[in-house]
Amino acid sequence: MLLSRIGGRLTAGRIVETEAYLGPEDGASHAAFRPSSRWLFYGPGGIAYVFRAYGLYDCLNAVAGPRGTPGCVLIRALEPVAGIADMARRRRRPLPDGTSIPALAALTSGPGRLTQALNVTLAGNGHDLRRWPLRIQAGSRQRPGDVRVSTRVGITRSPHLRLRFSLRANPFVSRPST
DNA sequence: TAGCTGATTGACT
DNA sequence: GTCAATCAGCTAA
């Protein structure tokens with residue numbers, strides 16, 4: 001579960017899709033080609049790393065692993081749980097007929113979308129994800145068979161690595177698996 | 001200082 | 001299916 005109180009309103013969703021980024025050996029990882037953010041990757045886990053892609057969209061990562069071991073997890077998609085009206089307002093995409101699955105998925109199924117819905121910006125870079133206003137909490141455990149492993153989406157370096165993890169048959173994942 | 005790239009999305013044909 | 005929007009951080013000079 002990812003919970004946000006940024007802006008004073010509670011919004012939350014279940015994490016249904018992630019991608020892993022490793023250290024310098026992973027060409028797609030910012031640890032490999034963005035020196036200014038490298039210190040975060042080598043720091044202790046549980047810290048937010050936020051970057052802007054294509055000048056438009058902010059993407060949220062959770063730094064993983066102990067201090068000295070580089071790596072992070074990109075949050076790619078959520079299943080909306082709380083504050084859905086606020087998500088829709090921030091996304092400027094009012095829900096037409098209440099709760100249709102595609103309309104809900106359009107709020108948070110994509111790294112740029114979910115940061116908009118939860119009001120996460122570059123200002124959240126370096127934030128401790130164990131504390132408000134932005135927290136990650138343990139949710140229901142998944143059986144290994146329910147998690148689909150596939151190649152990562154939208155990257156140009158090291159595209160062959162299978163480091164994308166999504167919930168099988170969940171309508172809120174951002175794109176079909178390969 | 002100038003120029004380039006990109007872990008994206010939404011609008012359009 | 002194509003394509004443009006838009007900027008932080010990098011590199012070259």
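All values reported here derive from a predicted model rather than from experimental measurement. Chain letters run A, B, ... following the sequence lines, proteins first and then strands; every chain starts at 1.
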The side chain of [X] is closest to which nucleotide in this list: [options]?
X      : options                  : result
F51(A) : dA8(C), dT9(B), dA7(B)   : dA7(B)
F33(A) : dT9(B), dA7(B), dC10(C)  : dA7(B)
Y49(A) : dC10(C), dA11(B), dA7(B) : dA7(B)
L74(A) : dC10(C), dA7(B), dG10(B) : dA7(B)

Minimum heavy-atom separation for [X] and [Y], please, with both atom names.
X      : Y       : result
A62(A) : I136(A) : CB-CD1, 4.1 Å
L78(A) : G13(A)  : CD2-O, 4.1 Å
A48(A) : N125(A) : O-OD1, 3.6 Å

Next on the checklist: With a cut-off of less than 4.0 Å, is there a side-chain N or O of R92(A) near OP1 or OP2 of dG10(B)?
Outcome noted: no
Checklist entry - Would you say S36(A) reaches dA8(C)'s phosphate, i.e. side-chain N/O to OP1/OP2 under 4.0 Å? => result no
Next on the checklist: Against the six-membered ring of Y21(A), is R152(A) placed for a cation-pi contact (under 6.0 Å from the centre, within 45° of the normal)?
Outcome noted: yes
Checklist entry - NA contact type, R91(A), heavy-atom cut-off 4.0 Å: base, sugar-phosphate, or nothing? => result sugar-phosphate
Next on the checklist: Considering every strand and a 4.0 Å limit on heavy-atom distances, what is the contact class for R152(A): base, sugar-phosphate, or nothing?
Outcome noted: nothing
Next on the checklist: In whole Å, I'd like the distance from the CG atom of D58(A) to the P atom of dT9(B).
Outcome noted: 12 Å
Item to check | Distance in angstrom units between L56(A) CG and dT9(B) P, rounded | outcome: 10 Å
Checklist entry - Across all strands, who's sitting opposite dA7(B) as a Watson-Crick or G-U wobble pair, both distances under 3.5 Å? => result none
Item to check | Earlier contact from the 5' end, DNA chain C, for R52(A) and S37(A) | outcome: R52(A)
Next on the checklist: Does the structure show Y54(A) stacking with dT8(B), if we require the centres to be closer than 5.5 Å and the planes to be within less than 30 degrees of parallel?
Outcome noted: yes
